[in-house]
Amino acid sequence: LCMFFFFNDPATTEIYQSRSSAASDVYKRQRLDRERDKERERVRADLVVQLLPVLDNLDRSIQASAQRDTQDPLREGVRMVRDQFDEVLQGFGLEVFGTAGTAFDPAIHEAMALVAVDDPSQHRNVMEIVRAGYRLEGRLLRAAQVIVGDYRAPEVEQSPTSEDNN
């Protein structure tokens with residue numbers, strides 16, 4: 001009976017509804033903030049992914065000009081632009097990965113070719129980076145394209161036995 005009077009009191013009902021509404025508003029605001037942050041992160045990742053081919057082309061132009069001339073001021077200018085572009089992308093949280101000599105990991109590497117190696121310790125190791133891989137704040141944006149070492153034990157020639165001669 002006491003509960004009935006408690007909820008029938010207009011002042012108590014108003015306070016209860018007010019608190020309930022405030023809690024609901026806080027929850028909605030927090031959810032909207034989370035959704036807005038997720039959307040912002042998705043847009044940033046999409047933008048960075050679209051800029052990666054530009055970075056690749058700058059790298060290719062530097063490599064191509066390095067094969068022709070040792071002191072090319074244009075190549076140095078392109079290298080400076082590439083370094084500046086890389087710094088800006090790193091400011092957005094971009095991380096480059098892929099190093100020759102590390103173990104091949106299919107979660108972050110894409111094998112483009114296998115190359116024979118003589119050393120068994122180089123088996124399934126990254127021998128060369130074809131195209132760098134990138135992460136944005138720990139999330140994989142693009143796998144590194146790599147050439148992987150493949151060790152095959154030399155086949156031992158077997159000398160003919162007395163059974164083969166019969």
Kindly indicate whether the side chain of [X], heavy atoms from C-beta on, has any atom under 4.5 Å from the side chain of [Y].
X: T99; Y: V126; answer: no
X: L94; Y: L52; answer: yes
X: K38; Y: E41; answer: no
X: L136; Y: E95; answer: no
X: M80; Y: Q84; answer: no
X: V130; Y: E110; answer: no

Task: D46 and R42 ion-paired at < 4.0 Å - done: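 Looking at D46 and R42, the cut-off is met.
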Open item on the list: Regarding D33 and R36, does a basic nitrogen lie under 4.0 Å from an acidic carboxylate oxygen?
Closed with: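 Yes.
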Open item on the list: Applying salt bridge (charged side-chain N to carboxylate O under 4.0 Å, His left out) to R40 and D37, what does each step give before you reach the verdict?
Closed with: CA-CA 5 Å; R40 206 177 283 140; D37 290 344; 3.3 Å; yes
Looking at every non-hydrogen atom in both residues, tell me the closest pair between [X] and [Y] and how far apart they are.
X: G133; Y: A144; value: N-CB, 3.5 Å
X: D118; Y: Y151; value: O-CE1, 3.1 Å
X: V78; Y: S61; value: CG1-OG, 3.4 Å
X: V148; Y: M127; value: C-CG, 3.9 Å
X: A143; Y: F97; value: CA-CZ, 4.4 Å

Roughly how far, to the nearest 0.5 Å, is the [atom2] atom of [Y] from the [atom1] atom of [X]?
X: I108; Y: T102; atom1: CD1; atom2: OG1; result: 7.0 Å
X: R79; Y: L58; atom1: CZ; atom2: CG; result: 11.5 Å
X: D105; Y: R124; atom1: CG; atom2: CZ; result: 9.5 Å
X: L55; Y: R60; atom1: CG; atom2: CZ; result: 10.0 Å
X: N125; Y: I147; atom1: CG; atom2: CD1; result: 14.0 Å
X: D83; Y: Q90; atom1: CG; atom2: CD; result: 9.5 Å

Is the backbone of [Y] close enough, under 3.5 Å, to the side chain of [X] for a donor and an acceptor to pair up by distance?
X: R142; Y: A132; answer: yes
X: D86; Y: R82; answer: no
X: R131; Y: D56; answer: no

Open item on the list: Is it the case that atom CG in D25 sees more than 12 heavy atoms from other parts of the structure closer than 6.0 Å?
Closed with: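 It does: D25 CG has more than 12 such atoms within range.
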Open item on the list: Tell me whether E35 at atom CD has more than 12 heavy atoms from other residues, nucleotides or ligands lying less than 6.0 Å away.
Closed with: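 It does: E35 CD has more than 12 such atoms within range.
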- [ ] Could you list the residues that satisfy ring-ring contact (aromatic ring centres under 6.0 Å, His included) with F104, not counting sequence neighbours?
- [x]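 ring-ring contact (aromatic ring centres under 6.0 Å, His included) check on F104 returns H109.
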Would you kindly confirm whether [X] and [Y] end up in one hydrophobic cluster when ILVMFWY residues are joined by side chain heavy atoms under 4.5 Å apart?
X: L51; Y: I62; result: yes
X: L114; Y: V117; result: no
X: I129; Y: M112; result: no
X: V96; Y: L140; result: no

- [ ] Walk me through it: do V48 and Y134 pass the test side chain to side chain contact (heavy atoms under 4.5 Å, CB included)?
- [x] CA-CA 10 Å; V48 170; Y134 295 94; over 6 Å; no
TODO: Assess R44 against F92: is NZ or CZ under 6.0 Å from the centre of the six-membered ring, and within 45 degrees of the ring's axis?
DONE: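 Relative to the ring axis of F92, which defines the angle, R44 lies outside at least one limit.
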